[in-house]
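What follows is a set of notes on a single structure, which appears directly below.
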Amino acid sequence: MATKRKSSSTIAGNVTPSAEKLRALAKFSGDPWQPKNKYFDQAEESMDYLWDKRIWPFISDSDFSRSVDLAAGKGRNSEKLAPIARELYIMDINVGLVDFCRDRFKYYKKTQYAVGNGFDLQPIPDGWATFVYCFDAMVHFDSDVVRSYIRDLTRVLAPGGRAFLHHSNLTSSGADWTKNPKARNFMSAELFKHYCEKEGITVLKQQIIDWGDAKNIDCLSLVEQSKK
């Protein structure tokens, strides 16, 4: 008698990684970013410059009414989003960072918090967000995790809602992202756009950027949900 094969879910002809696999990949990229990591304080120092010169010109015509700061860390990006959002969801995979943000933004009554699973936007309700934001975090995510987030954007974004995602543009990389230049994971502007096309979300614009002395290593992407 023939052996019955296990069925696998597929997306656009590709086998979708299991939740267990995605969770493991997310943990691998998320574990180093604990509250005691010195990088957070260093990054805070350059946030004003990056926001004014690089981020805000790229996203300024978006609707920030109901915003999500994905992989928020200690909240240096949330500090910029909170004054312009009517409601703000702050998410991170690490409970210690969410607790830190909860204390940092305790006077912002319009702010909600969630410890995410590291590969989708649960528990944010369907169609809730007008804007999803992720800067200086997704550059470390495995490509399967990046696509998983893109897939869930189609659930979370309101019609015409947008997402701003700062991801890697490094394809000459090894399996261990921590050993790659600037700790970037495997991804490219072209592959990111391909994933968006497969998942049915529109890429409005992309900008390949340097990070420090590493040339063309990153990409800023602004994507939009269908307005229907």
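These numbers come from a predicted model, not from an experiment. If you read the sequence from its start, that first residue is 1, and numbering goes on from there.
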Between [X] and [Y], which heavy-atom pair has the shortest distance, and what is it?
{"X": "V145", "Y": "A26", "answer": "CG2-N, 4.2 Å"}
{"X": "A114", "Y": "P123", "answer": "CB-CD, 3.7 Å"}
{"X": "F40", "Y": "G73", "answer": "CE2-CA, 3.7 Å"}
{"X": "Y108", "Y": "P83", "answer": "OH-CG, 4.2 Å"}
{"X": "A175", "Y": "F28", "answer": "O-CE2, 4.2 Å"}
{"X": "M187", "Y": "T171", "answer": "O-CG2, 3.8 Å"}

Please confirm whether the backbone N or O of [Y] pairs with a side-chain atom of [X], one donor and one acceptor, at under 3.5 Å?
{"X": "R104", "Y": "K74", "value": "yes"}
{"X": "K110", "Y": "A82", "value": "yes"}
{"X": "N169", "Y": "N216", "value": "yes"}
{"X": "D92", "Y": "G116", "value": "no"}
{"X": "D218", "Y": "I209", "value": "no"}
{"X": "N180", "Y": "G174", "value": "yes"}
{"X": "N117", "Y": "Q122", "value": "no"}
{"X": "D63", "Y": "T130", "value": "no"}
{"X": "Y149", "Y": "F119", "value": "yes"}
{"X": "R66", "Y": "W128", "value": "yes"}

Open item on the list: Between E224 and T202, is there a side-chain donor-acceptor contact under 3.5 Å, judged purely by atom types and distance?
Closed with: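 There is no such pair between these side chains.
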
Open item on the list: Distance alone, cut at 3.5 Å: any donor-acceptor contact between the side chains of N185 and S168?
Closed with: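 Short answer, no.
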
- [ ] Please list, chain by chain and in numerical order, all residues satisfying salt bridge (charged side-chain N to carboxylate O under 4.0 Å, His left out) with K80, sequence neighbours excluded.
- [x]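 For K80 the salt bridge (charged side-chain N to carboxylate O under 4.0 Å, His left out) partners, ignoring immediate neighbours, are D48.
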
- [ ] Sequence neighbours left out, what passes salt bridge (charged side-chain N to carboxylate O under 4.0 Å, His left out) with D136? Give chain and number order.
- [x]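 Salt bridge (charged side-chain N to carboxylate O under 4.0 Å, His left out) check on D136 returns R76.
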
- [ ] Could you check F192 against C219 for side-chain contact (heavy atoms from CB on, under 4.5 Å), going step by step and ending with a plain yes or no?
- [x] CA-CA 9 Å; F192 182 92; C219 181; over 6 Å; no

Would you say [Y] ends up clustered with [X] if hydrophobic residues are merged whenever their side chains have heavy atoms under 4.5 Å apart, either directly or through other cluster members?
{"X": "V146", "Y": "I217", "result": "no"}
{"X": "F141", "Y": "V139", "result": "no"}
{"X": "L81", "Y": "L157", "result": "no"}
{"X": "Y107", "Y": "F105", "result": "no"}

Who pairs with [X] by ring-ring contact (aromatic ring centres under 6.0 Å, His included), at least two apart in sequence or on another chain?
{"X": "H166", "result": "F135, W211"}
{"X": "Y113", "result": "none"}
{"X": "F64", "result": "W56, F131"}
{"X": "F164", "result": "F58, Y133"}

How about [X] and [Y]: do any of their side-chain heavy atoms sit closer than 4.5 Å?
{"X": "V156", "Y": "D126", "answer": "no"}
{"X": "I90", "Y": "V98", "answer": "no"}
{"X": "W177", "Y": "P32", "answer": "yes"}

TODO: Might you work through the side-chain contact (heavy atoms from CB on, under 4.5 Å) test for L121 and M91, ending with a clear yes or no?
DONE: CA-CA 8 Å; L121 291 154; M91 295 186 68; 4.1 Å; yes

Task: Step-by-step side-chain contact (heavy atoms from CB on, under 4.5 Å) determination, D103 to D99 - done: CA-CA 6 Å; D103 183 68; D99 287 343; over 6 Å; no

Any ion pair linking [Y] and [X] (charged N to carboxylate O, less than 4.0 Å)?
{"X": "D210", "Y": "R54", "result": "no"}
{"X": "D144", "Y": "K21", "result": "no"}
{"X": "K182", "Y": "D213", "result": "yes"}

Open item on the list: Quick check on K205: does its NZ atom have over 12 non-hydrogen neighbours (other residues, nucleotides or ligands) under 6.0 Å away?
Closed with: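 Counting other residues, nucleotides and ligands, NZ of K205 exceeds 12 neighbours.
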
- [ ] Look up atom SG in C196 and atom CZ in R147, then write down how far apart they are to the nearest 0.5 Å.
- [x]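 The distance works out to 10.0 Å.
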
- [ ] Using the side chain to side chain donor-acceptor pair (under 3.5 Å) rule, take E199 and T154 through it: C-alpha gap first, then chi angles, then the decisive distance, then the call.
- [x] CA-CA 8 Å; E199 301 301 341; T154 64; 5.9 Å; no

